[in-house]
Amino acid sequence: MNPTSSEFGHNFAEIFSEESRKERFYEVPLFRALIRALSSASKTIQVEELHGQRSQVLFSARPPWTRRVGRCELADVCIIWFRIGRLPEVRITFMQAKRSMRPHELCNSPISPPDQAFDGDSTQFHLLTTRPKIVGRFENFDPPAHVLSSALLPSVGSYCVFHRNGAGLAQFFYASADVVTADAPPKPGQIKIKTQFLGPIDSSRACVEQKWACCPMIFGSAVYSGRIGTPIQSDPITLGWVKSFIERAAANTLADNGQVSRSFLGGFEGIANNDRAEAPAKTILLIQGPTEQTD
């Protein structure tokens, strides 16, 4: 972490702690506290929340993980991080937000934290960890078939798990979908998902990837530095789809609150539109990072 991203992480963690105290211990209100904290942590990072629909996808079934027809929501939250300027970049992750009723203390280990366990859905787990080709279930939702299967980085799918720490305060940890595992269930439904935390950052590819974040501070630093999700700027089909659903969702945003979406749309001109580009989640979090890379 460089000093700037570290400072942002500290500020974000402090504000999240304050905001989460005001909320009930459920995924939606806690994620709203997360959004408010990201928006307030620094003027360097600009955040805009857009609203979409529940958007189901179909994919090849694989019992007992799925029913006879593989289908589920693509994401609870879609996070899109971008920067414009000399080296423009866009990253995307389709995130499942979960709540764990057991305390987790991930930051106490000097090397890597012990495996953690939380409840999840077997079909969503299968979708995000195996990343099959997909098709929108309904006519007005047409995501690229390869958006998961051809992703450069496996953090195209991810989990955000809210929990209480030993002091009873709300916290969360982040995990790329490829660092979680689960035993095959007897039938589709709720499963126990386990983490397999090794190194928190993978720099073996051209793009640095945050594999997991043990706490809000580390997550905030990763957001600042653009290490969350997979890059899509070299995939014109996926980028065109993203641009189209942002444009559609932003049309319902008040002009004074649409600065980030306007910046995104203006920064990636000349990309073909998708006229069936409904948003892939009920909540779209659009984050504009620093103009130039800092880490």
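If you read the sequence from its start, that first residue is 1, and numbering goes on from there.
Remark: the E278 side chain and the S55 side chain contain no N/O donor-acceptor pair separated by less than 3.5 Å. Side-chain atoms of S155 and T93 form no donor-acceptor pair, as typed in the model, at a separation below 3.5 Å. Side chain to side chain, Q233 and E89 fail the donor-acceptor criterion of an N or O pair below 3.5 Å. There is no side-chain donor-acceptor pair under 3.5 Å between H126 and S122. Q196 and T181 are not linked by any side-chain donor-acceptor pair at a separation below 3.5 angstrom, with hydrogens and angles left out of the test.
Within 6.0 Å of the CZ atom in R102, the count of heavy atoms belonging to other residues, nucleotides or ligands exceeds 12. Other residues, nucleotides and ligands place no more than 12 heavy atoms under 6.0 Å from the OH atom of Y26. Enclosure of atom CZ in R67 is not indicated, since only 12 or fewer non-hydrogen atoms of other residues, nucleotides or ligands lie within 6.0 angstrom. The environment of R24 atom CZ is sparse: at most 12 non-hydrogen atoms of other residues, nucleotides or ligands sit within 6.0 angstrom.
Taking the ring centroids of F118 and Y159, they lie under the 6.0 Å cut-off. Between W65 and F125, a ring centre-to-centre spacing shorter than 6.0 Å is recorded. Ring centroid separation for the pair H163 and F172 does not come in under the 6.0 Å cut-off.
Separation of atoms OG (S6) and OH (Y224) is listed at 11.5 Å; rounding is to 0.5 Å. Between the CD1 atom in I134 and the CG atom in L58 there is a gap of 9.5 Å [rounded to 0.5 Å]. One distance of note links CG of N140 with CZ of R248; it measures 7.5 Å at 0.5 Å rounding. Taken from CG in L30 to CD in E19, the straight-line distance is 11.5 Å, to the nearest 0.5 Å. Interatomic distance, CH2 of W212 versus CD of Q116, reported as 9.5 Å (0.5 Å rounding). Atom OG in S149 sits 8.5 Å away from atom CZ in R131 (nearest 0.5 Å).
Ion pairing between a basic and an acidic side chain is recognised when a charged N comes within 4.0 Å of a carboxylate O; E18 and R21 show no such pairing.
V161 and S100 make their closest contact through CG1-CB, 3.9 Å (heavy atoms, listed as atom of the first residue, atom of the second, distance). Scanning all heavy atoms of the two residues, the minimum distance from I84 to G267 falls at CG2-CA, 4.0 Å. Minimum heavy-atom separation, F162 to E27: CE1-O, 3.9 Å. For the pair Q96 and E73, the tightest heavy-atom approach, listed with the atom from each and the gap, is NE2-O, 4.0 Å. When all heavy atoms are compared, the tightest approach of A213 to I218 is CB-CG2, 3.9 Å. For F8 against A41, the heavy-atom pair with the smallest separation is CE1-CB, 3.4 Å.
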Working for side-chain contact (heavy atoms from CB on, under 4.5 Å), residues V156 and F94: CA-CA 6 Å; V156 66; F94 301 101; 3.9 Å; yes
Test F12 against I45 for side-chain contact (heavy atoms from CB on, under 4.5 Å), laying out the working first. CA-CA 11 Å; F12 167 71; I45 297 289; over 6 Å; no
The test is side-chain contact (heavy atoms from CB on, under 4.5 Å); show your working for L239 and V90 and say whether it passes. CA-CA 8 Å; L239 184 56; V90 187; 4.0 Å; yes
Stepwise side-chain contact (heavy atoms from CB on, under 4.5 Å) test for D121 and I191: CA-CA 6 Å; D121 179 79; I191 57 172; over 6 Å; no
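Using a 4.5 Å heavy-atom threshold, the side chains of P185 and P64 count as touching. I246 has its side chain within reach of L50: a pair of non-hydrogen atoms, C-beta onward, lies under 4.5 Å apart. No side-chain heavy atom of F173 sits less than 4.5 Å from a side-chain heavy atom of C214. No side-chain heavy atom of T283 sits under 4.5 Å from any side-chain heavy atom of D76. Side-chain contact between P216 and Q171 is present, with heavy atoms from C-beta onward closer than 4.5 Å. A 4.5 Å side-chain heavy-atom check between R227 and S221 finds at least one atom pair inside the cut-off. A 4.5 Å side-chain heavy-atom check between F141 and P280 finds at least one atom pair inside the cut-off. You'll find the side chain of T195 stays beyond 4.5 Å of the side chain of V179, heavy atoms only.
By the rule that hydrophobic residues join a cluster once side-chain heavy atoms approach within less than 4.5 Å of another member, F268 and V242 end up as members of one cluster. The cluster map of Ile, Leu, Val, Met, Phe, Trp and Tyr, joined by side-chain heavy atoms under 4.5 Å apart, puts I284 and V28 in different clusters. No single ILVMFWY cluster, assembled from side-chain heavy atoms under 4.5 Å apart, contains both M217 and L169. In terms of hydrophobic clustering, with Ile, Leu, Val, Met, Phe, Trp and Tyr side chains grouped at heavy-atom distances under 4.5 Å, F197 and L128 are assigned to a common cluster. In the hydrophobic clustering of this structure, I92 does not group with L152; members are Ile, Leu, Val, Met, Phe, Trp, Tyr whose side-chain heavy atoms approach within less than 4.5 Å, directly or through other members.
Side-chain atoms of S261 come within 3.5 Å of backbone atoms of G258 as a donor-acceptor pair (strictly under, hydrogens ignored). Between the side chain of R91 and the main chain of F82, no donor-acceptor pair closer than 3.5 Å is present. Looking at T230, its side chain does come within 3.5 Å of a backbone N or O of L153 through a donor-acceptor pair. In terms of modelled atom types and a separation under 3.5 Å, the side chain of S244 and the main chain of G240 share a donor-acceptor contact. Between the W81 side chain and the V223 main chain, a donor and an acceptor come within less than 3.5 Å of each other. A donor-acceptor contact shorter than 3.5 Å links the side chain of E48 to the backbone of V260. Not one N or O on the side chain of K194 forms a donor-acceptor pair closer than 3.5 Å with the backbone of V180.
Residues satisfying the salt bridge (charged side-chain N to carboxylate O under 4.0 Å, His left out) test with K211, not counting sequence neighbours, are D178, E209. For K192, the salt bridge (charged side-chain N to carboxylate O under 4.0 Å, His left out) partners two or more places apart in sequence, or in a different chain, are D119.
The salt bridge (Lys or Arg N to Asp or Glu O under 4.0 Å) test with E23 is passed by exactly one of R32, R99, R36: R36.
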